[in-house]
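Quick note: numbers below take in every heavy atom, side chains included, and nothing from hydrogens, waters or symmetry partners. Everything numeric here is computed off the predicted structure, so don't read it as measured data.
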Amino acid sequence: MNFSILFANDIKIFFPEIFLSLAILIVLIYGVLLATSLTYNYPLISRNIYSLVLFILFLTSLLIMNNPVDYALIFQKTFIHDDLTRIAKLFVLGSSFACLILSQSYIENSQINNYEYFLLILFSIFGLNLLISSYDLISAYLAIELQALSFYVLASFQRRSVFSTEAGLKYFILGAFSSGLLLYAFSLIYGVTGTTNLINIKNFCLDPYFEGATIIQIALIFLTAGFLFKIAAFPFHMWSPDVYEGSPTSTTIFFAIVPKIAIVSFFVRLYSFSFSSFAGVWEKVLLFSALGSIIYAAFVAIKQNSLKRLLAYSGIGHVGFILLPLTTNTLDGLQAMFFYLLVYMITSLPTWALVLTCMKGKKNSQNSISILAGLPTSSPILAILAALAFFSLAGIPPLVGFYAKVFVFFSAIKSSLYLVAFIILAISVVSTYYYISVVKTIYFEKNKNWIFYDTISKEKSIVLAISLVLLFFLFINPNLLLLLSQQMALSVF
């Protein structure tokens with residue numbers, strides 16, 4: 001049987017991933033041949049690879065947007081293509097594109113001249129795209145491991161830095177443990193159902209005569225533990241602040257913004273679609289984790305003096321807000337969750353751009369919040385943008401972050417979670433304190449030392465300007481994000 005004829009339509013639908021994988025191989029060959037060439041005197045090609053990677057991400061986005069098929073199960077139901085996969089992939093590629101532009105000057109100042117750095121980013125993006133499209137436990141696990149292995153190396157890429165090596169080692173050990181939990185959960189599910197396909201698992205769980213309900217409940221506990229680790233949610237958040245602080249800042253911005261939408265998209269499909277009949281089990285666990293993340297992050301972040309650790313704990317708190325609507329297991333809840341996730345990705349860009357601008361050189365010596373005191377004098381536009389970004393993270397109008405928290409609050413109210421809604425409302429006031437304290441440091445504290453910030457490039461200025469416009473425009477007219485989040489939510493059911 002001719003394979004190309006049998007899967008002809010599947011290959012057309014899956015062509016963006018095929019193009020991305022072939023592009024990675026071409027970049028790898030180009031880097032190996034040129035960087036080790038004696039003829040060209042072993043040239044540094046990181047800038048060339050950087051431009052090539054941006055071009056590859058742009059072409060992949062065009063292929064995804066121009067896919068003529070709206071819905072399809074491909075390769076024997078191993079992968080799925082629908083609105084959720086298309087929108088999530090575009091945000092992964094778009095946020096990766098923005099992160100690379102924002103971090104390019106930091107990469108040059110840190111003398112990360114290895115072309116492998118950008119290859120690892122491409123591999124991680126490829127793994128995230130496969131995870132988004134996965135409709136089978138085996139393909140999902142392989143995709144998770146592909147992006148995780150790339151992240152382990154990226155975290156420890158600065159081999160001469162003790163902080164970077166420590167961060168990579170911690171991430172590797174704890175990441176391997178969480179992967180083991182996921183693999184054990186998948187094996188239990190396969191053991192009682194005899195299948196790894198999501199729709200077949202759903203049919204087994206809906207069967208009133210299904211005898212493996214107890215084992216499925218045990219598997220869901222291990223599955224949820226692995227999932228919570230991957231998104232750095234309470235109580236499996238312990239790796240996040242140390243890895244964020246120790247990793248190169250250009251890697252940290254990628255960790256903080258890009259992977260969450262891919263991981264959440266797959267596990268939302270797994271929970272709300274395949275295991276909807278066991279909602280009573282995973283809803284309680286996720287609700288505990290969501291409240292724990294919000295409360296813990298709010299009080300611990302107040303004591304932080306490190307800017308990267310503060311943003312790491314802030315990310316843990318926002319993960320709690322992302323998980324909370326998922327526990328309602330309703331269409332409105334999923335829409336609020338995806339809306340919050342998209343807003344968080346947009347708002348995080350200027351905050352991490354601030355960190356990249358302040359973190360000069362190879363070491364983490366300039367990581368204290370106090371270094372922001374000289375920002376209004378040397379870069380008043382960046383100071384304004386940073387203040388607006390922190391206000392949006394706090395949920396203060398007239399910025400789009402206000403809508404994100406309001407939708408989460410209303411989703412809890414609609415599901416009769418009145419006590420939960422009161423708790424998140426009270427904790428939001430606490431979390432606003434440390435965001436405002438950063439703004440206070442920027443504008444009202446005196447600069448005790450001479451601090452010179454790097455010049456912001458034209459490309460970086462364009463990305464920051466777009467994010468600033470979106471913060472206001474999406475508050476005035478949030479219909480675009482509401483429509484996208486609704487399409488994503490409808491794809492789950």
Specify the closest pair of heavy atoms between [X] and [Y], including all atoms of both residues, with the distance to one decimal.
| X | Y | answer |
| --- | --- | --- |
| A301 | Y313 | CB-CB, 3.9 Å |
| T347 | A389 | CG2-O, 3.4 Å |
| I316 | S293 | O-CB, 3.4 Å |
| I261 | S265 | O-OG, 2.5 Å |
| S247 | F255 | OG-CE1, 4.0 Å |
| S491 | D83 | OG-CB, 3.3 Å |

Side chain to side chain, [X] and [Y], heavy atoms closer than 4.5 Å:
| X | Y | value |
| --- | --- | --- |
| F254 | L100 | no |
| L323 | I231 | yes |
| P325 | Y340 | no |
| C99 | I257 | yes |
| L90 | M65 | yes |
| Y115 | Y30 | no |
| Y50 | I101 | yes |
| L137 | L270 | yes |

Which of these passes side-chain contact (heavy atoms from CB on, under 4.5 Å) with [X]: [options]?
| X | options | value |
| --- | --- | --- |
| F472 | V469, L468, L474 | L468 |
| L57 | I121, L62, L93 | L93 |
| F118 | N48, L54, I107 | I107 |

Going from [atom1] on [X] to [atom2] on [Y], what distance comes out if it is rounded to the nearest 0.5 angstrom?
| X | Y | atom1 | atom2 | answer |
| --- | --- | --- | --- | --- |
| T249 | L307 | OG1 | CG | 9.5 Å |
| T441 | F390 | OG1 | CZ | 9.5 Å |
| I423 | S428 | CD1 | OG | 11.5 Å |
| L286 | I322 | CG | CD1 | 12.5 Å |
| L228 | I263 | CG | CD1 | 11.0 Å |
| L223 | F267 | CG | CZ | 5.5 Å |

Evaluate the ring planes of [X] and [Y], with Trp represented by its six-membered ring, and classify them as parallel (under 30°), tilted (30 to 60°) or perpendicular (over 60°).
| X | Y | result |
| --- | --- | --- |
| Y435 | H318 | tilted |
| F234 | H237 | parallel |
| W352 | Y244 | perpendicular |
| W239 | F229 | tilted |

Checklist entry - Is the closest basic N to carboxylate O distance between E245 and R309 below 4.0 Å? => result yes
Checklist entry - Given I427 and L291, is the side chain to side chain contact (heavy atoms under 4.5 Å, CB included) satisfied, shown in steps? => result CA-CA 10 Å; I427 298 301; L291 289 176; over 6 Å; no
Listing, residues 396-403 side-chain donor-acceptor contacts under 3.5 Å, not counting sequence neighbours, or none:
{"residue": "Y403", "atom": "OH", "partner": "F475", "partner atom": "O", "Å": "3.3"}

Checklist entry - Checking ring-ring contact (aromatic ring centres under 6.0 Å, His included) for the pair F58/F97: CA distance, chi angles, key distance, verdict? => result CA-CA 8 Å; F58 175 71; F97 191 94; 7.3 Å; no
Checklist entry - For R86 and N67, what are the C-alpha separation, side-chain angles and deciding distance, and is it a side chain to side chain contact (heavy atoms under 4.5 Å, CB included)? => result CA-CA 9 Å; R86 186 178 68 256; N67 198 320; 5.7 Å; no
Ignoring hydrogens and geometry, is there a side-chain-to-backbone donor-acceptor pair from [X] to [Y] under 3.5 Å?
| X | Y | answer |
| --- | --- | --- |
| K303 | F299 | no |
| S348 | Y344 | yes |
| S485 | L482 | yes |

Checklist entry - Run the side chain to side chain donor-acceptor pair (under 3.5 Å) check on S133 and K89 step by step: do they pass? => result CA-CA 9 Å; S133 298; K89 287 178 185 177; 2.6 Å; yes
Checklist entry - So L464 and L349, side chain to side chain contact (heavy atoms under 4.5 Å, CB included) or not? Walk me through it. => result CA-CA 8 Å; L464 293 178; L349 287 173; 5.7 Å; no
Next on the checklist: According to side chain to side chain contact (heavy atoms under 4.5 Å, CB included), who are the partners of I302, at least two apart in sequence or on a separate chain?
Outcome noted: V430, Y433, Y434
Item to check | F19, CZ atom: more than 12 neighbouring heavy atoms under 6.0 Å | outcome: yes
Next on the checklist: Take a 6.0 Å sphere around CD1 of I462 and say whether it holds more than 12 heavy atoms from other residues, nucleotides or ligands.
Outcome noted: yes
Donor-acceptor pairs under 3.5 angstrom involving side-chain atoms of residues 140-150: please list them, not counting sequence neighbours.
{"residue": "E145", "atom": "OE2", "partner": "S179", "partner atom": "OG", "Å": "2.6"}
{"residue": "Q147", "atom": "NE2", "partner": "I144", "partner atom": "O", "Å": "3.2"}
{"residue": "S150", "atom": "OG", "partner": "L146", "partner atom": "O", "Å": "3.1"}

Checklist entry - Do the numbers put K405 on top of the ring of F321, so that NZ or CZ is under 6.0 Å from the six-membered ring centre and no more than 45° off the axis? => result yes
Quick one: ring-ring contact (aromatic ring centres under 6.0 Å, His included) partners of [X], sequence neighbours excluded?
| X | answer |
| --- | --- |
| Y152 | Y171, F172 |
| F157 | Y117 |
| F339 | F407 |

Item to check | Trace of the side chain to side chain contact (heavy atoms under 4.5 Å, CB included) decision for L169 with S156 | outcome: CA-CA 7 Å; L169 188 60; S156 58; over 6 Å; no
